[in-house]
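Comments concern the structure below.
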Amino acid sequence: EDGIRDVAVTGVQTCALPISANLERVDVIILSLAKDDISFERTQRCIDSYLKSPLVTRVYVVESNKQLERQYSGNKVELIIPNEEFNYNRFYNIALERCTSEFVMGPNNDLIIHENCIENLVKEFDNNQKIDSLCPIDKKWHRHSKMYLPSDNKVYFGYETSLHMFGCVFICRRSIF
């Protein structure tokens with residue numbers, strides 16, 4: 001389905017939130033280039049998947065198409081169209097300056113997040129205050145499905161790029177910035 005990846009965190013598949021939980025704890029930053037209807041809809045599907053989580057405070061979409069004449073839907077969506085030329089780090093920082101939540105999540109714009117994934121990630125942060133960032137895994141991706149990560153529902157620690165640091169999505173404590 002046009003390159004969209006589903007991502008789930010290892011661990012419990014459901015996450016019951018305590019009644020006293022502060023529900024809005026995650027800001028999401030998505031960098032986008034909506035050059036046509038297909039790429040616009042791809043980003044919208046990504047946004048929609050994140051908006052399903054009660055933990056999401058806001059979704060910031062930093063759009064590179066300066067002539068975009070459409071608005072992404074969702075009452076928690078803020079569209080940002082910088083006047084400057086695209087620069088990944090600069091565009092990310094523009095949105096990061098607006099973030100107020102405890103956690104910041106940065107998915108690629110073609111990523112569809114599984115139900116309860118965000119809740120499971122935040123649960124891992126709550127259970128281990130020493131964790132500053134996490135990357136959910138994609139069991140359909142060859143490095144995650146074969147020999148590298150067993151299916152034992154544990155959190156694995158490390159810094160190896162594209163194994164422990166899965167580039168299409170991450171979540172971290174905003175305090176590290």
Side-chain angles (χ1 to χ4, degrees), residues 1 4-32 34 40-63 70-82 91-140 144 149 152-157 164-177:
E1 170 181 6
I4 294 176
R5 296 178 298 255
D6 289 325
V7 176
V9 68
T10 56
V12 190
Q13 290 304 307
T14 59
C15 178
L17 296 171
I19 293 173
S20 62
N22 174 11
L23 285 185
E24 293 187 339
R25 299 177 66 189
V26 179
D27 284 321
V28 179
I29 298 173
I30 300 171
L31 303 186
S32 175
F40 180 88
E41 292 303 324
R42 179 180 302 128
T43 300
Q44 184 64 61
R45 286 190 302 270
C46 176
I47 293 166
D48 292 344
S49 74
Y50 282 83
L51 291 177
K52 290 177 183 175
S53 172
L55 296 182
V56 171
T57 307
R58 200 108 181 111
V59 176
Y60 298 96
V61 181
V62 186
E63 179 59 56
R70 300 172 71 179
Q71 174 64 36
Y72 293 103
S73 64
N75 62 346
K76 295 180 177 184
V77 176
E78 182 176 331
L79 177 63
I80 304 167
I81 302 178
F91 277 28
Y92 198 85
N93 285 331
I94 288 170
L96 188 59
E97 290 169 0
R98 298 179 189 207
C99 292
T100 59
S101 294
E102 182 180 2
F103 302 104
V104 175
M105 195 160 196
N108 285 356
N109 70 321
D110 65 345
L111 192 130
I112 305 298
I113 198 86
H114 279 233
E115 184 179 358
N116 291 314
C117 183
I118 296 171
E119 290 80 356
N120 286 329
L121 291 166
V122 169
K123 183 179 174 184
E124 290 298 331
F125 281 112
D126 289 345
N127 289 337
N128 188 339
Q129 294 298 313
K130 293 181 180 181
I131 294 176
D132 287 327
S133 66
L134 288 167
C135 290
I137 64 167
D138 181 353
K139 287 290 192 180
K140 295 178 185 173
H144 289 168
L149 296 174
D152 57 6
N153 293 328
K154 293 181 182 177
V155 174
Y156 286 88
F157 295 89
H164 300 103
M165 293 299 295
F166 187 43
C168 75
V169 62
F170 68 89
I171 184 171
C172 60
R173 296 182 192 278
R174 187 170 54 90
S175 62
I176 70 168
F177 292 107

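- Two residues are said to be in side-chain contact when any heavy atoms from C-beta on lie closer than 4.5 Å; Asp126 and Arg25 meet this criterion.
- A side-chain hydrogen bond (donor to acceptor under 3.5 Å, both in side chains) with Thr43 holds for exactly one of Asp110, Asn109, Asp48; it is Asn109.
- Scanning for ring pair (Phe, Tyr, Trp, His ring centres under 6.0 Å) contacts around Phe103 gives Phe125, with sequence neighbours left out.
- Remark: the backbone N or O of Ser101 is not paired with any side-chain donor or acceptor of Glu24 at under 3.5 angstrom.
- A donor-acceptor pair under 3.5 Å is absent between the side-chain atoms of Asp27 and the main chain of Thr57, judged by distance alone.
- In this structure, the salt bridge (Lys or Arg N to Asp or Glu O under 4.0 Å) partners of Glu78, at least two apart in sequence or on a different chain, are Arg58, Arg98.
- For the pair Val59 and Ile47, the tightest heavy-atom approach, listed with the atom from each and the gap, is CG1-CG1, 4.2 Å.
- Ile29 CD1 to Asn93 CG: the interatomic distance, rounded to the nearest 0.5 Å, is 8.0 Å.
- The shortest side-chain heavy-atom distance between Ile80 and Val61 does not fall under the 4.5 Å cut-off.
- Among all heavy-atom pairs drawn from Ile113 and Ser49, the shortest one is N-OG, 3.2 Å.
- Here the side chain of Glu63 pairs no donor or acceptor atom with the backbone of Leu79 at under 3.5 angstrom.
- Of all heavy-atom pairs between Leu134 and Glu124, the closest is CD1-CB, 3.7 Å.
- Leu121 is listed as a side-chain neighbour of Met105, based on a closest heavy-atom distance under 4.5 Å.
- Ser53 and Glu119 share a donor-acceptor pair across their side chains, judged by distance under 3.5 Å alone.
- Pro107 and Ile30 make their closest contact through CG-CG1, 3.9 Å (heavy atoms, listed as atom of the first residue, atom of the second, distance).
- In this view, Tyr72 and Phe40 satisfy the ring pair (Phe, Tyr, Trp, His ring centres under 6.0 Å) rule, not counting sequence neighbours.
- Separation of atoms CD1 (Ile112) and SG (Cys46) is listed at 6.0 Å; rounding is to 0.5 Å.
- Proximity of Tyr92 to Val104: side-chain heavy atoms (C-beta onward) are separated by under 4.5 Å at one or more points.
- Atom-to-atom distance recorded for Lys123:NZ and Leu55:CG is 12.5 Å, nearest 0.5 angstrom.
- The closest side-chain heavy-atom distance from Gln129 to Arg173 is below 4.5 Å.
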